[in-house]
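Proteins come first, then strands; the chains are lettered A, B, ... in the order of their sequence lines, and each starts at number 1.
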There are 2 protein chains.
Amino acid sequence: MAVREGLLAVLSGGPRHGYQIKTDFEQATGGVWRLNVGQVYTTLDRLERDGMVTLDDSGESKVYSLTENGEQELARWWEAAPLDEAPPRDELMLKVLTALDRGRDHALRVIEAHRTVLTSLLQQRRRRMREEGPLTDSLATQIVNDALMLRAESDLRWLDQCEARLQATS
Amino acid sequence: MAVREGLLAVLSGGPRHGYQIKTDFEQATGGVWRLNVGQVYTTLDRLERDGMVTLDDSGESKVYSLTENGEQELARWWEAAPLDEAPPRDELMLKVLTALDRGRDHALRVIEAHRTVLTSLLQQRRRRMREEGPLTDSLATQIVNDALMLRAESDLRWLDQCEARLQATS
DNA sequence: ACTGCCATAGTTACTGAGTATACATACTCG
DNA sequence: CGAGTATGTATACTCAGTAACTATGGCAGT
């Protein structure tokens, strides 16, 4: 349920219609998260049903606006940190864990393969960031790239740690 | 599509029935990822439809086994690193990005709130890991905890970096 | 012996996330 | 002027995930 709140956030900048919400959302995320139009409209339908937005159908196009409820919901989302939530299912983690079930050696191979790819991916991103980033990228894009790189670094560190733990038990 | 492959991975350990697949999967992930039974069976239905597993209905309970196709698919999944994939939608990132759209100050408040919570969460996990971990936890649980802590650290570093970038543009 | 609880085993119906595609109109570039 | 592209909306579909139900067998306590 993140797109839902994302759309509310866009609408907090003022009423707009579906297509515009989509493009605004994509721009806010520096273009990394594309939205399918269909998803926007169905999500808006649900938001309307739940009293978070209202629809003005009278003009040419359908214009959505935030309601009081919607604003409160949005404010809660921005403030609230997800303390108790179950950790998001992570594909890399799942791969290693299931591979581990099939034996230490298999897990080590999976770790190695992913480390190689992740490393080169990270280097590419670093280079791109150094060369073009500061000149061409918006603040949003820079922030997104920071996140992607830090995430990749953290994944790599984790792979190393997994390997260490596996070798300790051999 | 991670549960799908997760179930295949469990089945690669030998034929078993739905409920057992569920419990095995949960055990493999150190108990952090619970599966709803319904999801297991519907996913197995799709896997059967796609020729990844076969169902033996003759006995008391329904026993699923991997097919050739299923094994190949699974091997591909374990080997292949997701190079070109779109970055996973991350709730924290989305919060900060949309908040940024509503103004620098708002973004700074959101960052600050999340940093506080994340920091204490991380400390809790660190303490738990130091005190109980090595004695009671399985290898899977330890590995999962590693991932959660590294992820939290990376998120914190990212929040710091966001703040720095925001203050640089003020 | 009975009762209630828990684990095992499976089914069904539902919501929500996400994709593909169809169908308009309008602008714009060669 | 026509082809392509941007804007705008709608609908049908698959997959992910949850809730709630049935049913059976064991076993713990009274």
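Straight-line distance from the OH atom of B:Tyr41 to the P atom of C:dA9: 8 Å, rounded to whole Å. The distance from atom CG of B:Leu55 to atom P of C:dT11 is 9 Å, rounded to the nearest whole Å. B:Gln20 has its CD atom 10 Å from the P atom of C:dT8, to the nearest Å. Atoms CD1 (B:Ile21) and P (C:dA9) sit 11 Å apart, rounded to a whole Å.
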Please list each protein N or O that sits under 3.5 Å from an N or O in nucleotides 18-27 of chain C, with the distance.
| unit_1 | atom_1 | unit_2 | atom_2 | d |
| --- | --- | --- | --- | --- |
| C:dG18 | OP2 | A:Gln39 | NE2 | 2.8 |
| C:dA20 | N7 | A:Asn36 | ND2 | 3.2 |

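Here A:Leu47 contributes atom CG and A:Leu11 contributes atom CG; the two are 8.0 Å apart, rounded to the nearest 0.5 Å.
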Under the side-chain contact (heavy atoms from CB on, under 4.5 Å) rule, what do B:Val63 and B:Leu55 come out as? Steps first, then yes or no, please. CA-CA 6 Å; B:Val63 174; B:Leu55 168 59; 5.9 Å; no
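In terms of heavy-atom proximity, B:Leu35 sits nearest to B:Gln39 at CD2-OE1, 4.0 Å.
Under the 4.0 Å criterion applied to side-chain N and carboxylate O atoms, A:Arg157 and B:Asp146 are not assigned as salt-bridge partners. Between A:Lys62 and A:Glu48 there is no salt bridge, since none of the side-chain N atoms of the basic residue sits less than 4.0 Å from a carboxylate O of the acidic one. Between B:Lys95 and A:Glu5 there is no salt bridge, since no side-chain N of the basic residue sits under 4.0 Å from a carboxylate O of the acidic one. A salt bridge is defined here as a Lys NZ or Arg NE, NH1 or NH2 lying under 4.0 Å from an Asp or Glu carboxylate O, and A:Glu112 with A:Arg115 meets this definition.
Here the range on DNA chain D touched by chain A, meaning any atom under 4.0 Å from one of its heavy atoms, is D:dT7 to D:dG17.
No side-chain donor-acceptor contact under 3.5 Å links A:Thr67 and A:Asn69.
Counting any heavy atom pair closer than 4.0 Å across all strands shown, A:Arg49 reaches sugar-phosphate atoms only and no base atom.
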